[in-house]
Engineer: 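Quick one: the structure is below, and I'll ask about it shortly.
Remember, it's 1-based here, ligands and their atoms both numbered in the order they're listed. Along the sequence shown, the residues carry numbers beginning at 1.
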Amino acid sequence: MDGFAYESGELRAGKLSIIDIANEIGTPFYIYSAQGISDNFLALKNAFGNRRHHIHYAIKANPNLALLALLNNLGAGFDVVSGGEMMRALKAGASAEKIVFSGVGKSEAEIDLALNEKISCINIESEAELERLQACAARMNMTADIAIRVNPDVDAGTHEYISTGLKENKFGVDSDTAIRLYRKSQSLKNVNPVGIAYHIGSQITTLAPYVDSIKKILALIDRLADLGIPIKHLDMGGGLGIRYKDETPPTFEAYVQSLVAIVDEKHGNLNLSIEPGRSIIGNAGLLITRVEYLKTNNDKHFAVVDAAMNDLIRPALYSAWMTISEVTKNRNIPAQDYDVVGPVCESADFLGKNRLLAIHQGDLLAVQSSGAYSMSMSSNYNSRLRPAEVLVDNERFYIIRERETYDDLFAREIIPEFD
Ligand SMILES: *Cc1c(COP(=O)(O)O)cnc(C)c1O
């Protein structure tokens with residue numbers, strides 16, 4: 001919990017009382033700590049020491065404009081995977097040369113947008129995409145800097161839905177295809193191959209897959225150099241894991257130092273960049289929800305809360321464990337085993353199962369480590385209003401996204417005038 005802590009049995013955001021915030025703005029809401037986010041970002045930055053590098057925050061982890069502006073002020077660049085994320089980065093004040101565009105299915109409109117805005121690099125994931133980019137750039141009479149995303153075929157040891165670097169995954173191209181595409185792009189007038197990119201997955205908690213893949217990528221860079229194709233930029237992707245329960249991911253220091261050591265052994269001239277999302281923001285956020293009802297079916301106890309799978313889908317989607325704790329501890333009531341469930345009409349609608357909690361109806365619960373892939377994956381399923389988002393900074397809190405209203409819910413819908 002970066003930026004949050006218990007004090008005399010009550011969970012607080014720095015000096016602020018989460019209970020007071022909940023009483024003021026209602027529940028459920030996400031709450032983020034500016035201190036926690038900047039501490040994480042600066043710790044990662046410091047891990048590089050004097051080594052020249054770029055950190056591109058992966059917007060998909062949490063795209064709120066206020067958080068992007070905060071990271072932009074700290075010097076971050078941005079990794080985007082859609083036109084929408086590109087617009088967010090620009091809206092938050094990022095300069096185009098600090099934006100890189102990843103993703104396996106870029107549309108023509110998105111490529112045009114990237115070219116128009118003159119972002120720094122487009123990461124190409126297939127031959128067809130390379131051809132489309134060439135056509136767009138030629139039409140606009142521009143030259144686009146590109147990297148090719150290579151799939152290093154390593155097992156990141158993470159959940160199958162968030163593993164991206166195995167040859168059966170849809171991401172990137174294998175090394176032989178990469179070589180063919182680099183050669184092809186040399187002959188294309190409007191693309192300029194400057195970099196190589198890879199990203200092997202998310203919530204990776206050991207160094208081995210990173211070490212294996214960077215070695216493979218450096219070997220490929222050498223092969224390309226022999227073919228007269230110099231690579232200037234190496235984009236190492238993101239994916240460093242965080243502690244949700246009892247994981248022990250490498251520290252930023254260990255992660256960065258081990259990779260930099262391997263790179264700088266023979267490739268000290270490479271421009272290095274990384275694209276962290278979860279490790280910057282995951283533990284600097286909480287989802288605060290209120291217990292609506294306690295209920296017992298046969299022997300099973302349920303805490304029905306006012307947040308649900310539409311607000312936070314990680315448990316349902318990835319069987320992810322999120323720690324759930326009482327905002328107020330040390331009650332003189334016995335703890336019981338609860339399934340913490342939401343109001344959505346799906347049995348997959350749970351935030352946690354078999355959790356020992358000492359709670360009454362009306363109490364607040366905090367779902368920890370909810371800064372990343374939480375609000376960003378929320379939906380309106382069951383026509384539920386998406387929660388508010390709050391940022392705590394310097395003993396103040398700011399609403400950085402208002403709770404949705406029923407009007408928001410219908411805003412885009414049209415009833416035709418039926419005959
Ligand atoms: C999702 C993603 C990231 C960030 O992953 P985290 O696990 O959040 O660090 C980085 N690069 C690319 C290309 C991605 O798709």
Side-chain angles (χ1 to χ4, degrees), residues 37 40-41 43-44 47 53-64 67-68 71 76-82 84-86 88-89 98-106 110 114 119-126 129 146-152 156-166 169-173 195-207 209-210 213-214 217 233-244 247 249-250 252 255-256 259 272-285 314 317-318 320 369-377:
I37 294 167
N40 289 338
F41 180 82
L44 176 58
H53 67 279
H54 301 280
I55 302 175
H56 294 129
Y57 167 71
I59 292 186
K60 73 177 188 288
N62 190 323
N64 186 288
L67 305 180
L68 302 187
L71 286 161
F78 297 96
D79 171 61
V80 306
V81 294
S82 69
E85 288 190 353
M86 203 183 311
R88 281 181 177 276
K98 289 184 128 182
I99 300 175
V100 298
F101 191 6
S102 307
V104 44
K106 302 175 196 76
E110 288 175 322
I119 66 162
S120 78
C121 195
I122 300 180
N123 292 349
I124 291 296
E125 301 218 10
S126 65
E129 191 180 47
I146 64 158
I148 292 187
R149 176 161 171 184
V150 176
N151 184 330
T158 187
H159 189 278
E160 59 173 327
Y161 289 179
I162 51 175
S163 169
T164 57
L166 279 171
N169 295 134
K170 69 180 175 182
F171 298 97
V173 297
I196 194 163
Y198 67 99
H199 169 73
I200 54 175
S202 199
Q203 186 53 15
I204 298 168
T205 53
T206 59
L207 283 179
Y210 282 113
S213 39
I214 203 153
I217 298 291
H233 304 286
L234 170 54
D235 173 347
M236 309 188 288
L240 189 64
I242 61 172
R243 173 171 294 181
Y244 285 100
E247 302 88 340
F252 285 134
Y255 163 67
V256 168
L259 299 183
L272 269 187
S273 62
I274 49 169
E275 302 167 345
R278 189 192 310 267
S279 55
I280 299 294
I281 212 155
N283 271 330
R314 297 188 68 259
L317 185 61
Y318 307 128
S369 314
S370 299
Y373 304 106
S374 296
M375 183 61 178
S376 65
M377 300 177 97

Engineer: Give the residue and atom name of whichever protein heavy atom lies nearest to atom 7 (O) of ligand 1, and the separation in Å to one decimal.
Structural biologist: S202 OG, 2.3 Å

Engineer: In the protein, which heavy atom is nearest to atom 8 (O) of ligand 1, and how far is it?
Structural biologist: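 Of the protein heavy atoms, Y373 OH, 2.5 Å lies nearest.
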
Engineer: State, yes or no, whether a side-chain contact exists between L317 and M377 at a heavy-atom distance under 4.5 Å.
Structural biologist: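 A side-chain contact under 4.5 Å exists here.
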
Engineer: Measure from NZ or CZ of R314 to the centre of the six-membered ring of Y244, then state whether that distance is under 6.0 Å and the direction lies within 45° of the axis.
Structural biologist: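 Yes, a cation-pi geometry.
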
Engineer: Between ligand 1 and S279, can you find any atom pair, the residue atom being a heavy atom, that is separated by under 4.0 Å?
Structural biologist: no

Engineer: Do any heavy atoms of F171 fall under 4.0 Å from ligand 1?
Structural biologist: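 The answer is no, since F171 has no heavy atom less than 4.0 Å from ligand 1.
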
Engineer: Got K60 and Y373 here, is their nearest side-chain heavy-atom distance under 4.5 Å?
Structural biologist: yes

Engineer: Would you say the side-chain atoms of S369 and N283 include a donor-acceptor pair closer than 3.5 Å?
Structural biologist: yes

Engineer: Starting from atom 3 (C) of ligand 1, find the nearest protein heavy-atom neighbour and note its residue, name and distance.
Structural biologist: H199 CE1, 3.3 Å

Engineer: Quick check on contacts: which atoms of ligand 1 are under 4.0 angstrom from a heavy atom of E275?
Structural biologist: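 Counting atoms of ligand 1 from 1, those under 4.0 Å from E275 are 3 (C), 4 (C), 9 (O), 10 (C), 11 (N), 12 (C), 13 (C).
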
Engineer: Without hydrogens or angle criteria, can the side chains of R278 and S202 be said to hold a donor-acceptor pair below 3.5 Å?
Structural biologist: yes

Engineer: Can you list the ligand 1 atoms lying under 4.0 Å from a non-hydrogen atom of A58?
Structural biologist: 3 (C), 4 (C), 10 (C)

Engineer: Is ligand 1 under 4.0 Å from a heavy atom in the side chain of R278, in the backbone, in both, or in neither?
Structural biologist: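 Both backbone and side chain.
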
Engineer: To which of M236, H56, K60 does the heavy atom nearest atom 15 (O) of ligand 1 belong?
Structural biologist: K60

Engineer: Relative to the heavy atoms of P276, which atoms of ligand 1 are at a distance of less than 4.0 Å?
Structural biologist: 9 (O)

Engineer: Decide yes or no for Y57 and N62: does some side-chain heavy atom of the first lie under 4.5 Å from some side-chain heavy atom of the second?
Structural biologist: yes

Engineer: Taking side chain to side chain contact (heavy atoms under 4.5 Å, CB included) as the criterion, tell me which of N64, I99, V80 meets it with I59.
Structural biologist: V80

Engineer: Is E129 paired with K106 through a side-chain N to carboxylate O contact shorter than 4.0 Å?
Structural biologist: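 Yes, this pair counts.
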
Engineer: Evaluate the side-chain proximity of Y198 to I214: yes if any heavy-atom separation is below 4.5 Å, no if none is.
Structural biologist: yes

Engineer: Distance under 4.0 Å to a non-hydrogen atom of D79: what atoms of ligand 1 satisfy this?
Structural biologist: 10 (C), 11 (N), 12 (C), 13 (C)

Engineer: Checking the N or O distance criterion of under 3.5 Å, is ligand 1 in contact with G277?
Structural biologist: yes

Engineer: So I148 and N123, do their side chains get closer than 4.5 Å, heavy atoms only?
Structural biologist: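 A side-chain contact is absent here, since even the closest heavy-atom pair is not under 4.5 Å.
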
Engineer: Please identify which atoms of ligand 1 are closer than 4.0 Å to at least one heavy atom of G239.
Structural biologist: 5 (O), 6 (P), 7 (O), 9 (O)

Engineer: Show me which atoms of ligand 1 lie under 4.0 Å from any heavy atom of S102.
Structural biologist: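 This gives 13 (C) as the contact atoms.
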
Engineer: Considering the heavy atoms of R149, write down every atom of ligand 1 situated less than 4.0 Å from one of them.
Structural biologist: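 Near R149, the atoms of ligand 1 are 13 (C).
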
